[in-house]
There are 2 protein chains.
Amino acid sequence: MLQNSVELDRLDRDIIGALVEDARSTYAEIGQRVGLSASAVKRRVDRLRETGAITGFTARVDPTALGWTTEAYVELFCVGKTSPSAIGVAVARLPEVISACTITGEADALLHIRATDVRHVEQVIERIAAEPFVVRTKSSIVLSRLIETPLITSRNGSTFVA
Amino acid sequence: MLQNSVELDRLDRDIIGALVEDARSTYAEIGQRVGLSASAVKRRVDRLRETGAITGFTARVDPTALGWTTEAYVELFCVGKTSPSAIGVAVARLPEVISACTITGEADALLHIRATDVRHVEQVIERIAAEPFVVRTKSSIVLSRLIETPLITSRNGSTFVA
DNA sequence: GCTGAAATAATGATTCT
DNA sequence: AGAATCATTATTTCAGC
């Protein structure tokens, strides 16, 4: 599915930049911007999807508009030999966990959670802490969000792809 | 720009769910899924964009395909009265910082950075540490990513919007 | 506020350079 | 590997309910 060996040229990166900025732009618009015809752009986009460089297209949603006003980061400290996949399976059950990874340092994993309010955050932490492999958790509530970008950053008009 | 007072009904949430899953679906496809005509869907999407519930459409990109193979989280410990906006302005200059927020707890801020390799992560941390308001930093390199979702979660076929 | 139809615009397949 | 053509399909606007 995912081929890392595929070379991406300047044109591919510009096309990706255009799509990160607006996933609903037409191929003609992108072509005008990067200097290609619409059909040439389409063929490259198809190839970028096939090779896995582009994994999909999604709407950017304002979580607060949907009632998700509170965010927190939760560090997980686990028992001796807990596998990453065991953590993954457990946290995937909670829709409030929007990101999870294992990390270096004292903690074993770091979770990013979105909830409706602080009480909701607490409930989610309780459910995570109830997992048998979790020894303790350490949470930080987000006070103010300073930066929030799609995976690859798009700022002040221009998109930084590589 | 952003109106939190706007009520979103089941139809709006279903439309958002469809667009989070695939931002390039046609209005007719979305309409079929949620039980509306294409033009009714379009009017609701336009309204959702106007009210700020939907902030845009973006391509989901595989960072590793673009050469961004390394991620890290960096906690920032700042001097006494450092304002969130000062931190925001400083980290916004670094394209490697894909997310930043102020948090409760010992650290003042948490940054999420994406870089090409560990050496690159180190360079970014050095530049952040060079900011006059930064007292010290504490970094964790991401070992394995377990969950990565768009802002609102979309898992096992169904999208969880509210 | 939704539907359905008509005008406009984008897409996808094909062929040519 | 990109450009041009054209049949098909989607989007957008608007009249009518």
Side-chain angles (χ1 to χ4, degrees), chain A residues 1-62 65-67 150 154 159 161-162, chain B residues 1-62 65-67 150 154 159 161-162:
Chain A
M1 180 74 79
L2 164 78
Q3 294 174 248
N4 271 335
S5 52
V6 179
E7 277 296 315
L8 300 182
D9 64 16
R10 167 57 31 204
L11 249 20
D12 289 323
R13 290 172 189 277
D14 288 347
I15 290 169
I16 290 171
L19 284 170
V20 167
E21 276 180 39
D22 181 6
R24 285 184 82 93
S25 356
T26 66
Y27 295 124
E29 280 167 353
I30 299 167
Q32 204 157 25
R33 173 166 158 173
V34 306
L36 282 182
S37 70
S39 53
V41 172
K42 186 196 181 307
R43 243 178 314 147
R44 279 174 180 260
V45 172
D46 289 345
R47 191 168 53 82
L48 289 168
R49 298 197 65 170
E50 274 168 29
T51 58
I54 294 174
T55 59
F57 300 98
T58 189
R60 257 199 299 260
V61 171
D62 174 22
L66 290 157
S154 166
T159 297
V161 172
Chain B
M1 180 75 78
L2 165 78
Q3 293 174 249
N4 269 334
S5 52
V6 180
E7 277 296 318
L8 300 182
D9 64 15
R10 167 58 30 204
L11 248 21
D12 288 324
R13 291 173 188 276
D14 288 347
I15 289 169
I16 290 170
L19 284 170
V20 167
E21 275 180 40
D22 182 5
R24 285 183 83 94
S25 359
T26 65
Y27 295 125
E29 281 167 352
I30 300 167
Q32 202 157 24
R33 174 167 156 171
V34 306
L36 282 181
S37 70
S39 48
V41 171
K42 186 199 181 306
R43 247 177 314 121
R44 278 173 180 261
V45 171
D46 288 344
R47 190 169 54 82
L48 289 168
R49 297 196 67 171
E50 274 167 29
T51 58
I54 294 175
T55 59
F57 300 99
T58 189
R60 258 198 297 259
V61 170
D62 175 22
L66 289 157
S154 165
T159 296
V161 173

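Each chain gets a letter, A, B and so on, in the order its sequence line appears, and its residues count up from 1. Since the structure is predicted, the reported quantities are computational estimates derived from the model, not experimental observations.
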Which is it for A/Leu8 and A/Leu48 under the side-chain contact (heavy atoms from CB on, under 4.5 Å) test, yes or no, and what are the steps along the way? CA-CA 9 Å; A/Leu8 300 182; A/Leu48 289 168; 3.5 Å; yes
Is there a donor-acceptor pair under 3.5 Å between the side chain of A/Thr55 and the backbone N or O of B/Arg60?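 Looks like yes, one N/O pair under 3.5 Å.
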Residues two or more places apart in sequence or in another chain: which of them pass side chain to side chain donor-acceptor pair (under 3.5 Å) with [X]?
X: B/Asp22; value: none
X: B/Ser39; value: B/Ser37
X: A/Arg43; value: none

What is the distance from atom [atom1] of [X] to atom [atom2] of [Y], rounded to the nearest 0.5 Å?
X: A/Ile54; Y: A/Arg47; atom1: CD1; atom2: CZ; answer: 10.0 Å
X: B/Gln32; Y: B/Thr26; atom1: CD; atom2: OG1; answer: 8.5 Å
X: B/Ser25; Y: B/Ile15; atom1: OG; atom2: CD1; answer: 11.0 Å

Which two nucleotides bound the region of DNA chain D that has atoms under 4.0 Å from heavy atoms of chain B, read 5' to 3'?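 Range of nucleotides touched by chain B: D/dA10 to D/dT13.
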Salt bridge (charged side-chain N to carboxylate O under 4.0 Å, His left out) evaluation trace for A/Arg44 with A/Asp14: CA-CA 11 Å; A/Arg44 279 174 180 260; A/Asp14 288 347; over 6 Å; no
Check each residue of residues 35-45 of chain B for a non-hydrogen atom within less than 4.0 Å of any atom in DNA chain C, then write out the ones that pass by number, or none.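 Close to the strand are B/Leu36, B/Ser37, B/Ser39, B/Ala40, B/Arg43, B/Arg44.
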Give B/Arg47 one of three labels, base, sugar-phosphate or nothing, depending on what nucleic acid heavy atoms sit under 4.0 Å from its own.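 Since no nucleic acid heavy atom lies under 4.0 Å of B/Arg47, the category is nothing.
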Distance under 4.0 Å to a non-hydrogen atom of chain B counts as contact; along DNA chain C, which nucleotides mark the start and end?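 The contact span of chain B on DNA chain C goes from C/dG1 to C/dT11.
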Give the C-alpha distance, both sets of side-chain angles, the deciding distance and a yes or no for side-chain contact (heavy atoms from CB on, under 4.5 Å) between A/Ile16 and A/Leu19. CA-CA 5 Å; A/Ile16 290 171; A/Leu19 284 170; 5.8 Å; no
